[in-house]
Amino acid sequence: MAQTGSMGGTRHLAADAAGLAEAARLLREGALVAFPTETVYGLGADAARAEAVAGIYAAKSRPRFNPLIAHLPDTAAARAQGAFDAAAERLAAAFWPGPLTLVVPVGPGCTVCDLARASLDSVALRVPAAPVARALLAAVGRPVAAPSANRSGRISPTRADHVAADLDGRIAAILDGGPTDVGLESTIVACLPGAPLRLLRPGGVPREAIEAVLGTPLGTDMHAGARPVAPGQLASHYAPRARVRLDAETIWPGEAALVFAGARPPGLDRALAVAELSGDGDLHEAAANLFAALRTLDASGAAMIAVSPIPPAGLGEAIRDRLARAAAERP
Ligand code: TXA
Ligand code: MG
């Protein structure tokens with residue numbers, strides 16, 4: 001039995017053969033289905049259908065039409081959508097399937113609709129590694145546009161119940177594949193003609209691993225495609241959420257604490273809530289725990305989440321990026 005339950009019209013599907021088949025059928029019909037990737041849960045829609053893609057923005061209450069990532073089951077399917085230069089081919093060979101997104105020029109056979117690309121002449125392509133995602137994408141047989149399956153401005157979901165908390169009643173189904181492995185979104189690299197290779201977003205593949213494959217440093221352009229958040233543009237139901245303070249060496253009264261690598265800062269005993277990213281300083285474990293820990297600490301009602309120092313190398317760059325955004329993305 002694929003269906004494990006339903007709430008507010010949203011069906012909760014188990015990630016078995018029947019659940020996958022039903023999720024694929026719904027996506028092909030133009031419905032919205034949340035599904036697990038190895039990074040975070042995505043809110044999927046048929047990338048070729050503008051009305052389905054418009055549903056993503058509506059369900060997330062996204063204030064703007066950002067370009068979305070199109071998900072494919074394998075590199076061959078990705079090549080059918082975009083133009084891969086030598087660097088893009090090298091990165092695809094090294095990191096796909098996996099938590100890397102490539103922004104490449106639109107190819108002649110591209111079926112990703114204008115709305116999903118925000119009318120750009122480039123397209124963001126990703127071949128996820130999670131077996132549930134790959135099986136689903138193969139069954140759908142078309143690119144699936146999928147941003148993270150949270151309401152706009154909230155924390156990205158790493159478990160099916162995180163998705164349900166934000167989107168139950170707003171989407172057709174949630175495919176439950178358990179907790180995600182990586183825990184934060186894919187790394188985005190732009191491979192576009194006439195411009196140096198650029199890191200658009202740090203993520204699940206560390207910058208150093210990409211630079212090692214390319215044999216050259218990556219430029220950084222974190223503002224490309226970034227959403228300028230104007231006060232008043234955000235939907236009125238934007239959730240109150242704790243602020244985030246990075247590199248905290250002391251926990252002040254009234255704060256919640258997010259600690260790393262065994263840190264025991266002064267004041268920790270007074271913290272309203274404490275979560276540990278990784279006791280022994282493992283950045284992979286820390287990334288996997290990050291968003292669930294932020295949800296837990298936010299639920300404590302603390303106005304501020306104080307975060308122990310996290311080194312900026314490897315996955316630390318992406319972890320620090322997400323924490324900085326959590327601090328900044330407020331109306
Ligand atoms: O791990 C992930 O990447 C997750 C899972 C669900 O796969 N997806 C995800 O999608 O994070 P989304 O829509 O939240 O992120 C899309 C990012 C945005 O920062 C957007 O600006 C950038 O990709 N993007 C998409 N198309 C682009 C383009 N043509 N040029 C530059 N940036 C682009
Ligand atoms: Mg997101």
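Computed from a predicted structure; not experimentally measured. Start at 1 and go down the list; that is how both ligands and their atoms are numbered.
- In the candidate list Ala146, Gly42, Ser186, Ala146 is nearest to atom 8 (N) of ligand 1, counting heavy atoms.
- Distances between N or O atoms of Thr39 and those of ligand 1 include at least one value under 3.5 Å.
- Look at Arg198 and you'll find every heavy atom at least 4.0 Å from all atoms of ligand 1.
- Just one residue in the list Ile69, Val40, Leu100 forms a side chain to side chain contact (heavy atoms under 4.5 Å, CB included) with Ser186, and that residue is Ile69.
- Distances below 4.0 Å separate heavy atoms of Arg201 from the following atoms of ligand 1: 2 (C), 3 (O), 9 (C), 11 (O), 15 (O).
- For ligand 1, none of its N or O atoms has an N or O atom of Glu185 under 3.5 Å away.
- Considering backbone and side-chain N/O atoms, His71 comes within less than 3.5 Å of an N/O atom of ligand 1.
- Arg117 places a side-chain N or O within 3.5 Å of a backbone atom of Val112 that can act as its donor or acceptor partner.
- Residue side and main chain included, Ser148 places an N/O/S atom under 2.8 Å of the Mg ion (ligand 2).
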For this session: Begin with the C-alpha distance, continue with both residues' side-chain angles, and end with the deciding distance and a verdict on side-chain hydrogen bond (donor to acceptor under 3.5 Å, both in side chains) for Asp168 and His12.
Result: CA-CA 9 Å; Asp168 246 339; His12 292 202; 3.1 Å; yes
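- Residue contacts with ligand 1 include Ile69, since one of its heavy atoms falls under 4.0 Å from the ligand.
- With a 4.5 Å cut-off on side-chain heavy atoms, Val127 and Leu72 count as touching.
- The neighbour count for Asp121 CG, taken as heavy atoms of other residues, nucleotides or ligands under 6.0 Å away, does not exceed 12.
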